[in-house]
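Residue numbers run from 1 in the order of the sequence given.
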Amino acid sequence: MKRVVISIVAVMAAAGYFACCAAVNQGHLLPHTSVNGIDIGGMETQEAVNLLEKEAASRQNTTIIPVRFKQKEYAVPVGEALEWEYEPAVEELQKQTRGAFFIRGFFLIKSFLGGNSKEVLPVIKNEELLEEAIEASGLSSEGTTKQTVYRAEKDRLVFTIGTAGQEANSAKLKEELKTAILADDYTEIECPVSLGRVDEADLDLIYQEIYQEPENATLDPENNYQIKESVTGIRFDKENARKILETAKEGSTVTVEYIKEEPEITTADLKEHLFSDKLASYRTEVRGTANRKDNISLAAAKCDGVILVSGDVFSYNNTVGEQTAQTGYKLANATMDGQVVQAYGGGICQVSSTIFAAALYSNLEIRERWEHEFVSSYIDAGMDAAVAWDMLDLKICNNKEYPIRIDVAYVDDILTVDIWGTKTDDSIVEVDTEVIDDSDGKLSVQTTRRVYYDNKNRMFVEQIADSVYLN
């Protein structure tokens, strides 16, 4: 009887086990199956993978490793650098339902009795993202090293020499983070440290920041020719500064004195000497028709009071403007292609010629000058300056250190040009006009300027122009 009972039990057990084997759904994971604690029991493979990958994305946003440095804790967000390869794990678990028929029952019973779990550890997908995580935590810039700093004072640079301390060692920290991640250990890490380094002060860069070229006082054309104050030059001896810094102790304070250079023209100099000297004066007598005299008067008024700071160029055409009836000029005699013609502004070449002559005796630089077709009646050959709108111009550059002013007056048929400035030497100017050729209906004249210095012990000779006129 006992054997019969045992047989019946065995048959029933076999039948039950057979039923378990038959109950396994090959398309779904076994019940009570989990990966990293997430229940995926009864799910299809792709459904389980999708759920786990969604969970992985969440873990990427929240996974941090605390790191302690000098009694302060930093959160290193390592999640973005990690990934979890869930699909192979799910595929392996899915094999339990697809094995031999009589094995399936075993895995089903096992899953009901003790669960069916698997742990998937993260892998580091990108070490650069791990480095960025360290950077984002603020650890990369942490340390007790103090670099050398300086401040600029009125007469000197004051340097506070840096001190070497301990610095967070990002390279070693990255290796420790990798070890912790691969062990799935997210407990606090003590940050590795290294000895800090005090960098040399960049004296070349500091020099560029401090250096100031001395600037002469001058007049500001953009501000109604108000005085623009002088600037004192500032620099320092870089080699001496380097020696001072190299021998200074950590944490000490040292100074580097400025070397100051006053400009050639200080604000006080300019105020005292501005337009104090008449550099030259030249006058011509005005003849001709009333229209011609009116043109000369108008052009003279436009040129009167023109100021040129050092380096400025005076353009006669730009100053007097185009000669038309609308701009106030009248018809008067002028020459064109050897003929006398009526032209608006006829006669204004007397103003340009008188300015040219005064500029010659002022030892100003002549940038552009043209002669007339015929020798002018109001000035010697070689001393005239023909102008024609948009064609011929008179250009004079102020090659002096101080500003100059051109004063032009037309009174009682006398046109006078005075050039005011500041005489800075004992120079004496002579201008010669020499006839080179007077034949074949042409007159050739050479204009030369001689400038004497040191009581005429030195001389500078400059050929200004070669003029050719029709006789």
Side-chain angles (χ1 to χ4, degrees), residues 59-82 121-211 234-258:
R59 291 184 71 177
Q60 283 181 324
N61 294 328
T62 58
T63 301
I64 64 170
I65 295 180
V67 178
R68 182 164 294 278
F69 177 79
K70 296 296 179 182
Q71 308 305 315
K72 184 178 178 181
E73 187 177 271
Y74 297 80
V76 182
V78 298
E80 287 295 327
L82 310 181
L121 296 179
V123 295
I124 299 170
K125 64 178 180 180
N126 190 326
E127 290 195 13
E128 289 184 2
L129 292 177
L130 198 58
E131 293 168 3
E132 291 176 8
I134 296 172
E135 185 74 28
S137 72
L139 274 165
S140 295
S141 58
E142 284 295 342
T144 57
T145 295
K146 294 182 179 179
Q147 296 296 335
T148 299
V149 296
Y150 77 95
R151 68 179 184 273
E153 295 187 350
K154 182 179 179 181
D155 298 312
R156 61 185 183 170
L157 291 169
V158 180
F159 289 86
T160 301
I161 307 302
T163 55
Q166 288 187 328
E167 305 295 316
N169 190 321
S170 296
K172 289 185 178 179
L173 176 58
K174 184 178 77 169
E175 295 306 314
E176 292 199 14
L177 289 173
K178 287 165 60 178
T179 300
I181 289 167
L182 296 177
D184 205 26
D185 180 5
Y186 301 100
T187 57
E188 184 179 88
I189 294 176
E190 189 69 30
C191 184
V193 297
S194 56
L195 181 64
R197 178 179 180 273
V198 178
D199 298 328
E200 290 185 4
D202 190 341
L203 288 177
D204 291 332
L205 179 61
I206 295 172
Y207 189 89
Q208 292 176 14
E209 294 173 351
I210 296 301
Y211 180 77
I234 297 176
R235 58 187 177 87
F236 63 87
D237 186 331
K238 284 192 288 186
E239 291 307 313
N240 181 57
R242 188 168 283 109
K243 291 178 182 178
I244 291 174
L245 296 181
E246 287 175 350
T247 56
K249 295 181 179 179
E250 287 193 359
S252 64
T253 298
V254 295
T255 60
V256 175
E257 300 297 324
Y258 289 153

Given side chain to side chain contact (heavy atoms under 4.5 Å, CB included), test Ser170 with Leu139 step by step and report yes or no.
CA-CA 8 Å; Ser170 296; Leu139 274 165; 5.8 Å; no
Does the side chain of [X] pick up a donor-acceptor pair with the side chain of [Y] at under 3.5 Å?
X      : Y      : value
Thr144 : Gln166 : no
Tyr258 : Glu153 : no
Ser140 : Glu135 : yes

Hey, what do you get for [atom1] ([X]) to [atom2] ([Y]), rounding to the nearest 0.5 Å?
X      : Y      : atom1 : atom2 : value
Leu82  : Glu80  : CG    : CD    : 9.0 Å
Thr160 : Arg151 : OG1   : CZ    : 6.0 Å
Leu203 : Leu157 : CG    : CG    : 9.0 Å
Cys191 : Glu167 : SG    : CD    : 10.5 Å

Is [Y] close to [X] at the side-chain level, that is, under 4.5 Å between some pair of heavy atoms?
X      : Y      : result
Ile181 : Ile65  : yes
Glu176 : Pro192 : yes
Val254 : Leu245 : yes
Val198 : Gln147 : yes
Phe69  : Val67  : no
Arg156 : Val158 : yes
Val78  : Ile64  : no
Phe159 : Val149 : no

Smallest separation among heavy atoms of Thr145 and Ala164, with atom names: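 Smallest interatomic distance, heavy atoms only, reads OG1-C, 3.8 Å.
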Review point. Closest approach of Thr163 and Gly251, non-hydrogen atoms and distance?
Key: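 Looking at all heavy atoms of both residues, the shortest contact is CG2-N, 3.5 Å.
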Quiz item: Among pairs that include at least one residue of residues 196-209, which meet side chain to side chain donor-acceptor pair (under 3.5 Å), considering only residues two or more places apart or in two chains?
Solution: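 Output for this query lists Tyr150-Glu209, Arg197-Asp199, Asp204-Lys238.
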Query raised in the report: Which pairs, with at least one residue in residues 240-257 and sequence neighbours excluded, count as a side chain to side chain donor-acceptor pair (under 3.5 Å)?
Result: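 Matches after skipping sequence neighbours: Glu239-Arg242.
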By salt bridge (charged side-chain N to carboxylate O under 4.0 Å, His left out) - contacts of Glu132 (at least two apart):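 Salt bridge (charged side-chain N to carboxylate O under 4.0 Å, His left out) list for Glu132, sorted by chain: empty.
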| query | Got a sec, which residues hit salt bridge (charged side-chain N to carboxylate O under 4.0 Å, His left out) with Asp155, two or more places apart in sequence or on another chain? | reply |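 Here the qualifying residues are Lys260.
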Distance-only criterion, 3.5 Å: show the donor-acceptor pairs between side-chain atoms of residues 121-129 and protein atoms not counting sequence neighbours.
unit_1	atom_1	unit_2	atom_2	d
Asn126	OD1	Glu128	N	2.8
Asn126	OD1	Leu129	N	3.4
Glu127	OE1	Lys174	NZ	3.2
Glu127	OE2	Lys178	NZ	2.9

- prompt: Is Glu175 paired with Lys172 through a side-chain N to carboxylate O contact shorter than 4.0 Å?
  reply: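 Salt bridge absent between Lys172 and Glu175.
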- Item | Under-4.0 Å salt bridge between Arg68 and Glu190 |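 So Arg68 does not pair with Glu190 through a salt bridge.
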#### Entry: Partner set under side-chain contact (heavy atoms from CB on, under 4.5 Å) for Gln71, not counting sequence neighbours
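Checked Gln71 against side-chain contact (heavy atoms from CB on, under 4.5 Å); zero matches.
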